[in-house]
Enquirer: 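Structure below; questions to follow.
Below, each value reflects all heavy atoms present in this structure, side chains not excepted, and no hydrogens, waters or symmetry copies.
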Amino acid sequence: MSRSKESDELIFFVNGKKVIERNADPEVNLLFYLRKIIQLTGTKYGCGGGDCGACTVMISRYNPISKKISHFSAAACLVPICSLHGAAVTTVEGIGSTKTRIHPVQERIAKGHGTQCGFCTPGMVMSIYTLLRNHPEPSTEQIMETLGGNLCRCTGYRPIVESARSFSPNSACCPMNEKWKCCLDEGKNEPERKNSVCTKLYEKEEFQPLDPTQELIFPPELMRMAEDSPNTVLTFRGERTTWIAPGTLNDLLELKMEYPSAPLVIGNTCLGLDMKFKDVSYPIIISPARILELFVVTNTNEGMFSFTLTSSICCNWLVKKLRLLDTKEITGSSLGGHIISRLPTSDLNPIFGVGNCKLNVASTEGTQQIPLNDHFLAGVPEAILKPEQVLISVFVPLSRKWEFVSAFRQAPRQQNAFAIVNAGMRVAFKEDTNTITDLSILYGGIGATVVSAKSCQQLIGRCWDEEMLDDAGRMIREEVSLLTAAPGGMVEYRKTLAISFLFKFYLDVLKQLKRRNPHRCPDISQKLLQVLEDFPLTMPHGTQSFKDVDSQQPLQDPVGRPIMHQSGIKHATGEAVFCDDMSVLAGELFLAVVTSSKPHARIISLDASEALASPGVVDVITAQDVPGDNGREEESLYAQDEVICVGQIVCAVAADSYARAKQATKKVKIVYEDMEPMIVTVQDALQHESFIGPEKKLEQGNVQLAFQSADQILEGEVHLGGQEHFYMETQSVRVIPKGEDMEMDIYVSSQDAAFTQEMVARTLGIPKNRITCHVKRVGGAFGGKTSKPGLLASVAAVAAQKTGRPIRFILERGDDMLITGGRHPLLGKYRVGFMNNGKIKAADIQLYINGGCTPDDSELVIEYALLKLENAYKIPNLRVRGRVCKTNLPSNTAFRGFGFPQGAFVTETWVSAVAAKCHLPPEKVRELNMYKTIDRTIHKQEFDPTNLIKCWETCMENSSYYSRKKAVDEFNQQSFWKKRGIAIIPMKFSVGFPKTFYHQAAALVQIYTDGSVLVAHGGVELGQGINTKMIQVASRELKIPMSYIHLDEMNTMTVPNTITTGGSTGADVNGRAVQNACQILMKRLEPIISQNPNGDWEEWINEAFIQSISLSATGYFRGYQADMDWEKGEGDIYPYFVFGAACSEVEIDCLTGAHKTTVFAGTWKIEGAFVQGLGLYTLEELKYSPEGVLYTRGPHQYKIASVSDIPEEFHVSLLTPTQNPKAIYSSKGLGEAGMFLGSSVFFAIAAAVAAARKERGLPLILAINSPATAEVIRMACEDQFTNLVWDDLHLVCKCLSRAPFPGSHICSKALD
């Protein structure tokens, strides 16, 4: 049969506009096309792998068979444009804008405070929008499923969820109790409400209603195209790849015969990732997406479901597992592709494999049926498809009456994460008995393929009882083998999960047998059955309470009111411009870097000749091209002669496109000679005495004497792992030479524009006045954009100077994580003396942090960790010492909290251990040792702990701590395999920097003759809303509406010599500077206003202009007096302290290690910081090879908290009333402090683990390492299953305090 005619015309629509591309490039994805070809930059690049949701768009298609239009959200970074023929694409720009009208979704997420840095907001908007197109009144479950694939690092998700829930018919304000009534409407809170406590952050009544009739219609032309369905074969030829999309099954089979090695692509979720991250290319790609008969799902007369190749719809018994794996952005992936790829982490294949499913395949030679069994999944040549065959459908038989099928999985987090281990299990019994007639068990995540527990076939004929279970466990232990060096690590945990899943299956089947035949089967304790219930995917809810403004305050005065983010609407419409959103200039080049593959080596030679000869390459830049300083303090811009970590920049390639620059980097040939020593861990550094800077020390009292009088002495150590910043916008810089006097404009995503300016000037050997740095907004930073952007901007500036052309340097997510470092891993050693009543008499603490290969900010971090280590406790005799370890890892740097989350964690660990040794409740020991009266810290600074005590007591009361703790104890008595824990943690956080000059700030306020006001200040908008706050300050001081005031970019020309925006001081100090400028202006206007008191603002300004009164003023704030004398160990360092407390309750699954935070109550406004802290202490785990190669280089491997990980109940309150005379309008620096309160979840987990170990008669673990991942939790809850594995492996669990590696986890081989 002849093949249909070919066409190279690609037709699709974007936001209602027709797009025609001839001979489109198959390697171009939709994200690139939107951003770089048609200049729709609202859709953002976040990771490039479909794991973060920043690039979410809606794709709509018309089905001529069903006559229906389907809408689905998609990750644009995974969608080849060639797959879009006949589709309508809708981006965030297409649903609303400030130029036309904003869509209700955009309005609600902005006014509901669901946007901070705004980089993730367009993706959030499009996910919710797509849901509403399919379900105008969505259920809460649908909302949670929809948002599961969208990551946010700023907000803590709660305001985003609430914005989406406002469209749900069940959008009650906060379902705290069985009555779904807001707890603030309960009588018990009446006294608080009388104290002017406000709980409304916005007025829901102001929202415009959702009107589905106003949405963009599906283009009729595409409907006609689909109806006509011409039998054409679409063929698109690119530089390296040809894309062929047949329209009929016959054409598909002929193409597969002609190109048997060509892969079939539907969702591109597997092939696309290989092409992007593994540099795999295919000469021919075949897409069967246009073949409609492959999309049909039928229920056959034989009682079986027929699944087609491209359907992602599954029957009910699979839906639950699919929801946890696939996010809405990647559900375009095909069922057939999922099966054929035989991924070892597949959740579906183990279930299909045990379910006796059949694959119907076809070729030009005919059809064939292949069993989907363990042989197929193992890739046995005789059991798989031939190269020319195509999978047409999958038959899934219905379970028989006495047959039971179950599926299990455990992943790093509940949603949007591949399983660590999964399993499909099926058992059949002789009718009306518990005698096994068939048993099949398949595991994923155990080996390179799905693994079958074949030895369990020996159990056929046995009864389903405990003796059978014991034998099955031993068989699986012996058969499911993992070497200690298995890829991905977690060997003991994965083997334990395999056996634990078997036990769950045993209980599940026993429960069902009991239901069918109550008299034949033994009773099962409810205490055991609770473990069968997975943690539900529930929508978080909560309250936020804060002091309302005074009733006498003028309505025009915005201070104290919950004002929407100044750029909130622009975030939601995609109109907010970030660094890489700026249009490409004529002649602009793109930079890609070559990084070291060795941790410590000498550079023998560097050959860039092949790269220079590559298409589009303009130049290769090395250290020899740097005209000035090649870096600072041991940190080189470009490595020269020697490399000191994997990821160090060696050279850079400048080309006319990023793709060509990236390709050329692979052609640079570098010869290395390894050097010794290679130091990766803190232990390595201690062994080699490898340090940065001297030891820092603080001491008070007589520590040695106090130890002699203590009843007990406790010694131990604890480790806390590192953390990746994971700002949603990766490091970004554009350098534009101005053509004369060596001037340059630098557009950079940085917290410290002045430092970037200084580094570039030093690198180029020119004065700073030739360099102007511009920062409009930053898509998240958290400390990671303080020093690193200066280095990266300097790298780009050298390229710009050498080529004389603009340079764009945007790091991909993997390179960003590899190059820039993160939070310092820490090893804490402690010796504590205490009395039997829990009173702590003395403590001697040593801290070691992994600084990486250069100093960066590490010495400041260890200083801060020591200064703040005591947290809320008065320890009369205390010695703290700290060192920075120098290792061959990328330099770690500033991160939110700046040492406090590490140091205070060590303190809370030994305070908890003291409570355990004294057999006292931890909260009693904390309370006993807390500061009570005006006192001095370890660095001799006086402070008043009154608000600390108030926060503690308020948190105790608001969380109903003692009643909850009683309920936790009762639950634990009734449940063996699930345990709950509760913890309450106090916090004393000192705001600011240890030097006065760090607190200085300047501002420029200009009034124009029409009365409008332009404000500039030295702070950077990172998402914290500093610009909104500065407008509030100017509005109050000038007594004009906020609408009169505009705030543009921050740049070093308008406000020079700025200080980094960080340390929770940005609003405080810049607010003072703006206030000062406004007060200067108002003083100038006083005579005019007094002469015409009834005039209006415009009249006064015009009169001032006529009288030649300057309407421009520079404001300045000198800073708070702060200094520290390390020789004396004392200093009044911090302008003020802030206090908080947090109570968290968790539930853990002792069989899998999964956990759910059920309650969080905090006396603080710290949702985003709290969730980031929750990630630090329970989820986020950096993994390295023994040679220091970072494996976790993207959201696929590195898991930050998603929407399903935040507490189910999320109550936050600000202590009222409180004053702060040190800061403007009683402002309080909250940005960093709340991070540590996430540790309350960790210590609640530790309490749950302790309950499990106590019931099992095991000794208490006094120090559990952080993060408390599922692996750590499971292996700490030792039982017969962990013992079975340990007996086999003769290994010790890494979660105990004697764990060998401090901080980040070491794996011997790369992760999948």
Enquirer: With the side chain counted from C-beta on, respond yes when Val480 and Tyr443 share a heavy-atom pair under 4.5 Å apart, and no when they do not.
Expert: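 Yes, their side chains come closer than 4.5 Å.
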Enquirer: Does Asp1149 come within less than 4.0 Å of Lys504, counting only side-chain N to carboxylate O?
Expert: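 Judged by the 4.0 Å cut-off on N to carboxylate O distance, Asp1149 and Lys504 do form a salt bridge.
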Enquirer: Counting N and O atoms only, with roles assigned by atom type, does the side chain of Tyr1191 sit under 3.5 Å from a partner on the main chain of Gln1197, one being a donor and the other an acceptor?
Expert: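 Not confirmed, Tyr1191 side chain does not pair with Gln1197 backbone.
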Enquirer: Side-chain atoms of residues 278-287: list all donor-acceptor pairs with protein atoms under 3.5 Å, sequence neighbours left out, distances to 0.1 Å.
Expert:
| residue | atom | partner | partner atom | Å |
| --- | --- | --- | --- | --- |
| Asp279 | OD1 | Gln663 | NE2 | 3.3 |
| Ser287 | OG | Val265 | O | 3.3 |

Enquirer: Is the closest side-chain heavy-atom distance between Val161 and Val1203 below 4.5 Å?
Expert: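 A side-chain contact exists here, since the closest heavy-atom pair is under 4.5 Å.
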Enquirer: Side chains of Leu442 and Asp374: does their closest heavy-atom pair fall under 4.5 Å?
Expert: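 Yes, at least one pair of side-chain atoms sits under 4.5 Å.
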Enquirer: Judged by atom type as modelled, is there a donor-acceptor pair below 3.5 Å linking the side chain of Arg494 to the main-chain atoms of Gly445?
Expert: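 Checked: pair present.
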Enquirer: Looking at Cys77 and Gly50, what are the two nearest heavy atoms and their distance?
Expert: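 Heavy atoms of Cys77 and Gly50 come nearest at SG-N, 3.3 Å.
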Enquirer: Would you compute the distance between atom CD of Gln142 and atom CG of Leu147 and round it to the nearest 0.5 angstrom?
Expert: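 Taking CD in Gln142 and CG in Leu147, the distance rounds to 12.0 Å.
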Enquirer: Hey, does the side chain of Glu403 reach the backbone of Phe429 with a donor-acceptor pair shorter than 3.5 angstrom?
Expert: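 Between the backbone of Phe429 and the side chain of Glu403 there is no qualifying donor-acceptor contact (under 3.5 Å).
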Enquirer: If you define the side chain from C-beta out and look only at heavy atoms, does anything of Tyr259 sit under 4.5 Å from Ile244?
Expert: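 Result yes, sub-4.5 Å side-chain heavy-atom pair found.
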Enquirer: Can a side-chain donor-acceptor contact be found between Asn416 and Ser1202 if the only test is distance below 3.5 angstrom?
Expert: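 No, no side-chain donor-acceptor pair sits under 3.5 Å.
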Enquirer: Would you say the side chain of Gln389 lies within less than 4.5 Å of the side chain of Lys256, judging by non-hydrogen atoms?
Expert: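 Side chain of Lys256 against side chain of Gln389, heavy atoms only: no contact under 4.5 Å found.
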Enquirer: Roughly how far, to the nearest 0.5 Å, is the NE2 atom of His338 from the OG1 atom of Thr269?
Expert: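 Answer rounded to 0.5 Å: 8.5 Å.
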Enquirer: How long is the straight-line distance from CD of Glu9 back to OG1 of Thr235, given to the nearest 0.5 Å?
Expert: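 It comes to 13.0 Å.
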Enquirer: Judged by modelled atom types alone, do Thr130 and His71 share a side-chain donor-acceptor pair under 3.5 Å?
Expert: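 Side chains of Thr130 and His71: no pair found under 3.5 Å.
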Enquirer: Is a side-chain donor or acceptor of Ser341 paired with a backbone partner of Gly337 at a separation under 3.5 angstrom?
Expert: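 Side chain of Ser341 to backbone of Gly337: a pair is present.
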Enquirer: Indicate the atoms forming the closest heavy-atom contact of Leu10 with Cys82, along with that distance.
Expert: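 Looking at all heavy atoms of both residues, the closest pair is CD1-O, 4.0 Å.
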Enquirer: Is the backbone of Met144 close enough, under 3.5 Å, to the side chain of Gln415 for a donor and an acceptor to pair up by distance?
Expert: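 It does hold such a pair.
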Enquirer: Identify whether the distance between the nearest side-chain nitrogen and carboxylate oxygen of Asp8 and Arg237 falls below 4.0 Å.
Expert: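 Looking at Arg237 together with Asp8, the answer is no, because their closest N to O distance does not fall below 4.0 Å.
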Enquirer: Mind checking whether Val19 and Glu21 have side chains closer than 4.5 Å, heavy atoms only?
Expert: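 Val19 reaches Glu21 side chain to side chain.
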Enquirer: For Gln369 and Leu359, run side-chain contact (heavy atoms from CB on, under 4.5 Å): C-alpha distance rounded to whole Å, both residues' side-chain angles, the deciding distance at 0.1 Å, then the answer.
Expert: CA-CA 5 Å; Gln369 197 169 72; Leu359 304 179; over 6 Å; no
Enquirer: Evaluate the side-chain proximity of Pro64 to Tyr62: yes if any heavy-atom separation is below 4.5 Å, no if none is.
Expert: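 Contact flag for Tyr62/Pro64 side chains = yes.
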Enquirer: Can any side-chain N or O of Asn29 pair as donor or acceptor with the backbone N or O of Leu78 at less than 3.5 Å?
Expert: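 No.
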Enquirer: Could you measure the distance from the OG atom of Ser500 to the CG atom of Leu497? Nearest 0.5 Å is fine.
Expert: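 Those atoms lie 6.0 Å apart.
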Enquirer: Between Asp508 and Ser406, do the side chains contain an N or O donor and an N or O acceptor separated by less than 3.5 Å?
Expert: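 Looking only at side-chain atoms, Ser406 and Asp508 do form a donor-acceptor pair, the distance falling under 3.5 Å.
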Enquirer: Under 6.0 Å between ring centres, would you say that holds for Phe418 and His1196?
Expert: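 Yes, they do, as the ring centres are separated by less than 6.0 Å.
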Enquirer: Which pair of non-hydrogen atoms, one from Ile81 and one from Asp25, has the smallest distance, and what is that distance?
Expert: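 It is CG1-O, 4.1 Å.
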Enquirer: For Leu343, is there any backbone N or O sitting under 3.5 Å from a side-chain donor or acceptor partner on Ser346?
Expert: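 Answer holds: no.
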Enquirer: Taking side chain as C-beta onward, heavy atoms only, is Leu391 less than 4.5 Å from Leu264?
Expert: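 Result no, sub-4.5 Å side-chain heavy-atom pair not found.
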Enquirer: Go through the steps to decide whether Tyr1198 and Arg1193 satisfy the test side-chain contact (heavy atoms from CB on, under 4.5 Å), and finish with yes or no.
Expert: CA-CA 7 Å; Tyr1198 184 81; Arg1193 292 180 56 184; over 6 Å; no
Enquirer: Passes side-chain contact (heavy atoms from CB on, under 4.5 Å), Gln410 versus Phe501? Steps please.
Expert: CA-CA 9 Å; Gln410 180 57 43; Phe501 287 160; 4.0 Å; yes
Enquirer: Which residues pass the salt bridge (charged side-chain N to carboxylate O under 4.0 Å, His left out) test with Arg224, not counting sequence neighbours?
Expert: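 None.
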Enquirer: Does Asn422 use its side chain to pair, donor to acceptor, with the backbone of Gly444 at less than 3.5 Å?
Expert: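 Flag set: sc Asn422 to bb Gly444 pair under 3.5 Å.
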Enquirer: Side chain to side chain donor-acceptor pair (under 3.5 Å), that's the test. Do Asn150 and Ser127 meet it? Break it down for me.
Expert: CA-CA 8 Å; Asn150 291 83; Ser127 289; 2.7 Å; yes
Enquirer: Could you give the distance from CG (Leu249) to CD (Glu293), rounded to the nearest 0.5 Å?
Expert: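 Reported to 0.5 Å precision, the distance equals 5.5 Å.
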Enquirer: Checking Arg342 against Phe376: charged group under 6.0 Å from the ring centre and within 45 degrees of the axis?
Expert: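 Arg342 over Phe376 ring: yes.
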Enquirer: Pairs of donor and acceptor atoms involving the side chains of residues 380-388, under 3.5 Å and at least two apart or interchain, shall be tabulated with distances.
Expert:
none

Enquirer: Do the side chains of Arg240 and Glu27 get close enough for a salt bridge, i.e. N-O under 4.0 angstrom?
Expert: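 Salt bridge flag = yes for Glu27 with Arg240.
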Enquirer: Report yes or no: does Lys495 contribute a side-chain atom to a donor-acceptor pair with the main-chain N or O of Ile476 at less than 3.5 Å?
Expert: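 It does not hold such a pair.
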Enquirer: Please walk me through it: do Glu227 and Lys67 pass side-chain contact (heavy atoms from CB on, under 4.5 Å)?
Expert: CA-CA 9 Å; Glu227 292 286 359; Lys67 309 297 183 184; 3.0 Å; yes
Enquirer: Distance-only, no hydrogens or angles: does the Thr367 side chain make a donor-acceptor pair with backbone N or O of Val361 under 3.5 Å?
Expert: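 Absent.
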Enquirer: To the nearest 0.5 Å, how far apart are CG in Leu502 and SG in Cys456?
Expert: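 Interatomic distance, Leu502 CG to Cys456 SG, rounded to 0.5 Å: 6.5 Å.
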